[in-house]
Amino acid sequence: MEIFALKNWYDPLIERGETDESGKYQTVLRNYGVYVVTVKTSDNRFVGVVEVNGEDLENGDEIVVRLHKYE
């Protein structure tokens, strides 16, 4: 799982990590940024991408990234 900040030209990658056994990952995003969240399985067969506008987030919101099959 990787999170990129779209307006950060120097180093857009702001976080990288792995989900837990249930597929969840917890982090805090600032409410003034625009982010791209990418998720892929370890074998790269399933990939998901979602754009998140921090202004739309409230405390405790969850972001769902749906994975799509690629071969």
Check against side-chain contact (heavy atoms from CB on, under 4.5 Å), Val50 and Val37: CA-CA 5 Å; Val50 67; Val37 180; 3.8 Å; yes
Give the cluster check for [X] versus [Y]: same hydrophobic cluster or not, with ILVMFWY residues linked at side-chain heavy-atom distances below 4.5 Å.
X     : Y     : result
Val34 : Val39 : no
Leu67 : Ile3  : yes
Leu57 : Phe4  : no

Closest contact, heavy atoms only, His68 versus Arg66: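 Closest approach of His68 to Arg66, heavy atoms only: CD2-O, 3.5 Å.
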Listed once per pair and sorted, the side chain to side chain donor-acceptor pair (under 3.5 Å) pairs that draw on residues 14-29, sequence neighbours left out: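 Side chain to side chain donor-acceptor pair (under 3.5 Å) check on residues 14-29 returns Glu2-Arg16, Glu15-Tyr25, Glu15-Thr27, Asp20-Ser22.
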Selection residues 47-65 - residue pairs positive for side chain to side chain donor-acceptor pair (under 3.5 Å), sequence neighbours left out: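 As it turns out, there is no side chain to side chain donor-acceptor pair (under 3.5 Å) pair with a partner in residues 47-65 once direct neighbours are skipped.
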Close side-chain approach of Leu6 to Val36, heavy-atom, < 4.5 Å: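 SC-SC contact between Leu6 and Val36 confirmed.
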Heavy-atom check, side chain of Ile63 versus side chain of Tyr35, under 4.5 Å: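 In short, these two side chains do not touch, never coming nearer than 4.5 Å.
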